[in-house]
Amino acid sequence: LGPFGQSDPNGIVFIGEKQRSAPNTISYASFANLRDWRAAVADRAQIGGLLSSGFMIGPSESDVRVEGVYATDNLFAVLRVAPILGRGFDTEDAAADSEPVVVLGENYWRQQLGGDAGIVGRVLRIDGTPHTVVGVTPALLDLGIPTEIRNARVWVPIRADSPRLARDDRSWVVFARLGVDVSIESFTTQLEGIAAELAAVHREDEGWTVGVDPLSGSLSVRTRTMIWLSVGAAVLVLLIACANVANLTLAHAIRRRHEF
C-alpha cells in the first residue's frame, strides 16, 4: 500500500444513492446499503465508506472540537493509504465489544501533538471515551476526493453497535475500488440490480437506486466542475479589471484633450 496521493485513482469510484424520480441528483448513501453492497460484490470490488463528524478530543479535561470521520474497517485498504506510523483499522476494531481505537491525521499529529514519534499506544479521550492511538495516516492530496477525507483530524472505526447505521440515514460517503477486470458499466449495472432487490425488501429503499461517479484520470467530475467554475470566476475578474483600466485610460485621454 502507498499514500493515496501516489497511487492510481482510476480504479476508484464514488457510489451514491438517488431517487428514481430525480435521477440527476445523487446523494450520499446509508450504511445499511453500503454493508449490503459490500457483501454482494465482494468478488468484484472492495467497498468502504466514511461519515463526517465532529469530535471532542483531548488528553486532559481541556478537550477541543476537531473535524474527523467515522470509517469502515477497510477504508484505508480501499483508498490504498498506508499509515506513517502504526497501523490502520482491522476487522476486530469494528466489533461491538472491541477496545476503542483512533487513527490520527498527519496534520493534527504534527500541529497539535508535535509530531510525537511515540504517539502510537497513547490514549486520547474522544467524546468522553478513552481511545488508544493505533496509527497516523498521511496528509492526502486532492485527487477528486471529498474534503471530509482531506480535512479529517481523527479517524474512528464505525462499530457494529453504533447508532449511525440506519438504512434511511443517507450520510455516508461511499467508495469502491474495482477489480482489474471489472468495468464501471458492468459494476453500475450490478449495483442497480442489487438496489432494486433491496428496494423490494426494505421500505426505506423504495423509490431509490444507485449512482456511480467515476474518477477520470486524477480528477472526478465534481472536481473538474469546481475547477472550471474557478477558472470562469478568474476570467470574469480579469475582464472586470481590464474594463476598469480601459475606463481610466479613456478618462485620462478625455482630460488631456480638454487641456489642449
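Quick note: residue numbers are just sequence positions, from 1. Computed from a predicted structure; not experimentally measured.
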### Task
Just do the side chain to side chain contact (heavy atoms under 4.5 Å, CB included) check on Asn33 and Leu198 with the steps written out, would you?
CA-CA 8 Å; Asn33 284 335; Leu198 294 174; 3.5 Å; yes
### Task
Decide yes or no for Asp73 and Asp90: does some side-chain heavy atom of the first lie under 4.5 Å from some side-chain heavy atom of the second?
no
### Message
Determine whether Asp116 and Arg110 satisfy the following criterion, salt bridge (Lys or Arg N to Asp or Glu O under 4.0 Å), listing intermediate values before the conclusion.
### Response
CA-CA 7 Å; Asp116 181 5; Arg110 293 190 185 281; over 6 Å; no
### Message
Both conditions, 6.0 Å and 45 degrees, for the charged tip of Arg153 above the ring of Trp109: are they met here?
### Response
no
### Query
Just how far is it from atom CD1 of Ile15 to atom CD1 of Ile26, taken to the nearest 0.5 Å?
11.0 Å
### Query
Is there a side-chain contact between Pro157 and Val101, using heavy atoms and a 4.5 Å cut-off?
yes
### Query
Which is it for Arg44 and Ser186 under the side-chain hydrogen bond (donor to acceptor under 3.5 Å, both in side chains) test, yes or no, and what are the steps along the way?
CA-CA 10 Å; Arg44 306 187 74 221; Ser186 67; 3.0 Å; yes
### Task
Walk me through it: do Asp168 and Arg203 pass the test salt bridge (Lys or Arg N to Asp or Glu O under 4.0 Å)?
CA-CA 9 Å; Asp168 59 353; Arg203 176 183 53 81; 6.0 Å; no
### Task
Flag the pair Pro100 / Thr129 as yes when at least one side-chain heavy-atom distance between them is below 4.5 Å, and no otherwise.
yes
### Query
Would a 4.5 Å heavy-atom cut-off, applied to side chains only, mark Leu113 and Leu104 as touching?
yes
### Query
Given side chains that start at C-beta, do those of Trp37 and Val210 come closer than 4.5 Å, heavy atoms only?
yes
### Query
CD/Glu204 to CZ/Arg170 distance, rounded to the nearest 0.5 angstrom?
8.0 Å
### Query
Strictly under 6.0 Å, is that where the ring centroids of Phe89 and Trp155 end up?
no
### Query
Is a salt bridge present between Lys18 and Asp213, judged by a nitrogen-to-oxygen distance below 4.0 Å?
no
### Query
Counting heavy atoms not belonging to Glu99, are there more than 12 under 6.0 Å from its CD?
no
### Task
Using a 4.5 Å cut-off on heavy atoms from C-beta on, say whether the side chain of Ile47 contacts that of Leu34.
yes
### Message
Could you check whether any side-chain heavy atom of Phe14 comes within less than 4.5 Å of a side-chain heavy atom of Val212, counting everything from C-beta outward?
### Response
no
### Query
Once you round to the nearest 0.5 Å, how far does CG of Leu50 lie from OG of Ser171?
11.0 Å
### Query
Are any of the side-chain heavy atoms of Val123 and His131 separated by less than 4.5 Å?
no
### Query
Does the gap between the ring centers of Phe31 and Trp172 come in under 6.0 Å?
yes
#### Entry: Minimum heavy-atom distance between Pro83 and Gly88, given as atom pair plus value
CG-N, 4.1 Å
### Message
Let's go through Arg164 and Asp169 carefully: what are the C-alpha distance in whole Å and the side-chain angles of both, what is the deciding distance for salt bridge (Lys or Arg N to Asp or Glu O under 4.0 Å) to 0.1 Å, and is it a yes or a no?
### Response
CA-CA 8 Å; Arg164 302 169 182 264; Asp169 179 8; over 6 Å; no
